[in-house]
Amino acid sequence: MKTAPDPSGLDPYEDAEVRLTAQRMGMWLFLATEAMIFAGLFLAIFVIRTLHPEGATEASGHLKTWVGTGNTALLLVSSTLVALGSVAAKEGARRRALVAACFLGAAALGAAFLAIKIGVEYRAELHEGLIPGLGPAFPLQADGAQLFFNAYFAATGLHAIHVLIGVIALAGAAVGVWRRWLKLPDNAPEVEFTGLYWHLVDVVWIFLFPVLYLVG
Amino acid sequence: MTDAPLAPPRSENFLTAKETIRSWFLTIDHKRIALLYAAALFVFFFIGAAGAAVIRIEMLTPQGDVVSAEGYNRAFTLHGVIMVWFFLVPLIPTTFGNFLLPLMLGAKDLAFPRLNLASWYVFMISGVFTLAAIWLGGLETGWTFYTPLSAVYADGWVTLAILGVFISGFSSIFTGINFIVTTHTLRAPGMTWFRMPLFVWSLYATSLVMVLATPVLAITLLLILAERAFGIGVFDPTLGGDPLLFQHLFWFYSHPAVYIMILPAFGVISELVTAGARNRVFGYKFIAFSSLAIAILGFMVWGHHMFTTGQSMYAGIVFSFLSFLVAVPSAVKAYNWAATLYKGRITLNTPFLYALGFIALFVFGGLTGVILAALAVDLHVHDSYFVVAHFHYIMVGAAVTAFMGAVHFWWPKVTGRLYNEHLGRASAILLWIGFNLTFFPQFIMGYLGMPRRYHAYDPEFQVWHLLSSAGTPILAMGYLLPVFYLGWSLYNGRPAGPNPWRAQGLEWTVSSPPPEHNFHGPVKVTREAYDYPKEDAYKGPLPRDAWREAEDDREEGQAAEDRR
Ligand code: HEM
Ligand SMILES: [Cu+2]
């Protein structure tokens with residue numbers, strides 16, 4: 001895979017292999033920064049749970065565990081699809097349809113996740129007055145219950161934004177592969193990176209779910 | 001590669017290779033981006049300095065007569081926010097880091113040239129937000145944005161300013177990612193990890209901190225923004241929220257962040273010391289690893305900013321102990337610099353004077369840090385001018401002095417010109433005197449009980465405040481003088497030639513200013529870093545007389561040309 005040095009001088013790499021290594025490393029570092037962002041939130045949730053165990057338990061009781069469980073399942077399946085698609089992408093153009101289908105499927109599952117999160121969960125919480133500043137007055141009395149909900153909204157809200165970005169990226173990759181804007185296997189790394197991002201979104205949720213929904 | 005011409009042809013010189021304004025704003029050449037950053041930081045420095053001037057003028061008298069209490073709060077917040085987030089944090093990595101990292105590694109550019117340009121634009125956007133907040137009236141939270149003041153009570157343009165700092169974090173993260181990947185993948189053949197210049201090691205350690213710590217700051221600021229905008233109070237005590245949590249998160253970033261400010265300065269000083277002493281670095285690996293050790297330990301000591309906040313006593317003891325530990329790798333560096341100087345062939349040229357000034361200021365600032373890390377002492381001097389003096393010794397005395405040293409050391413490389421040595425040395429000395437006069441009295445008045453962030457004070461402290469304020473014009477001259485003679489050298493300076501200091505390192509093998517793509521051909525490294533000859537084989541003029549030699553070179557070149 002040796003390519004000639006880019007005559008324009010724009011590309012610092014002489015070697016396609018090394019360029020790929022660099023891109024992969026850059027992507028992993030980027031994912032590490034994302035993980036650190038959520039790590040800050042986890043710390044906040046952990047502190048709240050330690051300071052106000054009762055409030056956290058009571059508040060957590062108001063979360064719809066079965067909805068959360070269903071959503072977890074959606075993300076797990078979508079992550080599997082993405083993994084399949086990324087492997088298939090490496091095999092080249094023959095697998096174009098499979099790659100596009102996997103990614104599109106994953107994007108659809110991600111969209112379903114968002115629809116349930118916002119349409120079912122947030123809506124119910126709005127009606128119960130759990131969202132700060134909206135709906136009726138906050139119903140729970142226990143110390144720290146409101147705090148727990150604040151952290152819940154901060155964490156799941158930020159996560160939802162990531163899901164949205166991920167859905168757009170997955171759908172974009174699916175269309176790109178299908179329409180041959182992304183050529184396989186040349187552009188397999190781009191496909192792989194989109195997949196990696198989605199795995200991060202999934203992993204963050206896998207941690208958020210027990211920490212928020214399964215308290216006590 | 002060794003016989004690069006004295007002055008490169010226009011088409012090769014990165015400054016003149018493309019001449020339109022557009023080519024500067026769309027450039028992806030790391031050297032030009034470094035200069036874009038330098039221009040931006042120059043502006044920020046003057047805005048931050050204006051805040052400092054207000055502070056020092058107000059403190060001339062014990063009464064609060066120049067500005068109101070609130071005006072004073074806004075002045076020191078402006079000063080702190082600009083100087084920390086928009087000057088010190090990006091200072092060395094984005095300018096000299098950007099310029100030198102690929103050159104020192106033998107690479108054509110950074111790993112992601114477009115990301116590098118993007119990081120400059122992100123930085124500029126964040127700067128515009130923060131400057132707009134200040135222009136519209138400013139804020140009074142201090143640079144640390146402590147809650148609940150920042151989240152609930154403060155009026156003023158807190159949201160806008162925090163948004164600016166939040167966005168600037170991304171430019172930091174981009175730079176960090178770029179440096180790490182570059183160091184891993186773009187080293188020239190033969191450039192093994194232990195042949196890398198120590199400046200590269202320090203940038204590598206700094207980048208690790210940038211990548212791992214900055215996101216924590218980002219989420220912390222994001223939570224404040226959510227608190228201000230939607231009432232999602234995680235830190236709000238009226239909801240049972242925990243302001244201490246804010247401080248933990250904030251210092252988890254900001255203590256490592258002080259190393260973002262100082263680690264690159266260590267790297268610079270290692271370069272200046274070896275080149276100035278014309279001696280191999282003593283204990284190369286110790287210096288390299290101490291950078292990493294500082295970066296790692298730096299993540300474990302944030303709690304020493306919170307000794308007095310009511311965190312548990314045991315936490316306090318652990319943080320105190322760990323803080324003492326950080327002093328060890330810092331001391332390793334200082335000893336190794338001293339050992340490098342010992343038996344070196346020292347020439348007191350301008351960059352080297354700055355380096356010596358740095359070592360003195362840093363050792364003093366570091367020692368006072370150890371004093372602060374002792375629990376009992378910190379209870380006495382916490383939030384006093386003692387702390388102010390401590391961090392100014394390190395962040396301004398050390399880091400900015402190192403930057404000035406870097407400017408004087410690499411100026412001939414960047415611009416291709418030599419400056420006036422006498423004025424250079426004079427400014428290094430002025431800077432040192434002005435700095436000590438400004439900040440040393442602050443240790444004394446802090447120890448005597450002068451609290452920080454007060455705009456009126458007990459008259460017994462006035463004499464110390466007067467001394468401190470008297471130092472600032474001298475300090476300012478130390479910073480301003482170089483602007484004039486360096487500017488003058490751009491048009492009238494003697495051509496520098498590729499290596500005026502006779503220093504080691506790949507960046508000195510290319511012409512000055514370097515060609516657009518850094519090297520004329522493939523680079524191969526066959527020697528250790530700082531491979532200075534045991535006995536100085538070079539019998540010509542000493543580096544301090546570099547200009548004379550450059551003159552000789554030029555005459556020789558002229559003669560050769562005439563003969564042809
Ligand atoms: C080497 C670079 C260093 C830098 C750039 C630095 C910077 C700072 C800054 C900016 C602050 C004040 C924060 C504020 O606004 O409240 C500070 C405080 C402090 N520093 Fe350092 N420091 C350094 C080294 C050290 C070392 C080596 C130690 C301990 C061994 C240390 C111990 C402390 C302590 C205990 C405080 C808190 C004082 C208080 O607020 O009561 N520092 N430092
Ligand atoms: Cu600290």
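Please read all numbers here as calculations on a predicted model, not as lab measurements. A note on names: the letters A, B, ... follow the listed sequences, proteins ahead of strands, and every chain is numbered from 1.
Within the 4.5 angstrom heavy-atom criterion, atoms from both the backbone and the side chain of Gln23(A) approach chain B. Looking at Leu212(B), the atoms closer than 4.5 Å to chain A (heavy atoms on both sides) sit in the backbone and in the side chain alike. The contact between Leu223(B) and chain A is made entirely by side chain atoms (from C-beta outward), counting heavy-atom distances below 4.5 Å. Looking at Leu222(B), the atoms closer than 4.5 Å to chain A (heavy atoms on both sides) all sit in the side chain, from C-beta outward. Neither the backbone nor the side chain of Ile131(A) comes within less than 4.5 Å of any heavy atom in chain B. Contacts between Ala39(A) and chain B at a heavy-atom distance below 4.5 Å are absent for every atom of the residue. With a threshold of 4.5 angstrom between heavy atoms, Phe174(B) does not approach chain A through any atom at all. The part of Phe112(B) that comes within reach of chain A is its side chain, from C-beta onward, which places non-hydrogen atoms under 4.5 angstrom from that chain. Within the 4.5 angstrom heavy-atom criterion, no atom of Phe149(A) approaches chain B. Neither the backbone nor the side chain of Ala226(B) comes within contact range of chain A; no heavy atoms are under 4.5 Å apart. In this structure, the portions of Ile177(B) lying under 4.5 Å from any heavy atom of chain A include both its backbone and its side chain.
Each of Asp29(B), Leu245(B), Val216(B) has some count of heavy-atom pairs under 4.5 Å with chain A, and the biggest count is that of Leu245(B). Of the listed residues (Pro215(B), Ala213(B), Ala107(B)), the one with the most heavy-atom contacts under 4.5 Å to chain A is Pro215(B).
Taking the six-membered ring for Trp and the full ring otherwise, His162(A) and Phe38(A) have centroids separated by under 6.0 Å. Proximity of the aromatic rings of Tyr204(B) and Trp193(B) is defined here by a centroid distance below 6.0 angstrom, and this criterion is met. Tyr253(B) and Trp302(B) have their aromatic ring centers separated by at least 6.0 angstrom. Between Trp205(A) and Phe113(A), the gap from one ring centroid to the other is short of 6.0 Å. Taking the six-membered ring for Trp and the full ring otherwise, the centers of Phe299(B) and Phe252(B) sit less than 6.0 Å from each other.
Evaluation of the side-chain contact (heavy atoms from CB on, under 4.5 Å) rule for Phe25(B) yields Ile21(B), Trp120(B), Tyr121(B) as partners, not counting sequence neighbours.
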Point to revise | Val167(A) vs Trp198(A), side-chain contact (heavy atoms from CB on, under 4.5 Å): CA-CA, chis, key distance, verdict | key: CA-CA 8 Å; Val167(A) 166; Trp198(A) 190 252; 4.1 Å; yes
Point to revise | Verdict with reasoning, Val99(A) to Glu91(A), per side-chain contact (heavy atoms from CB on, under 4.5 Å) | key: CA-CA 10 Å; Val99(A) 175; Glu91(A) 290 177 22; over 6 Å; no
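Between Glu128(A) and Lys64(A) there is a salt bridge, with a side-chain nitrogen of the basic residue lying less than 4.0 Å from a carboxylate oxygen of the acidic one.
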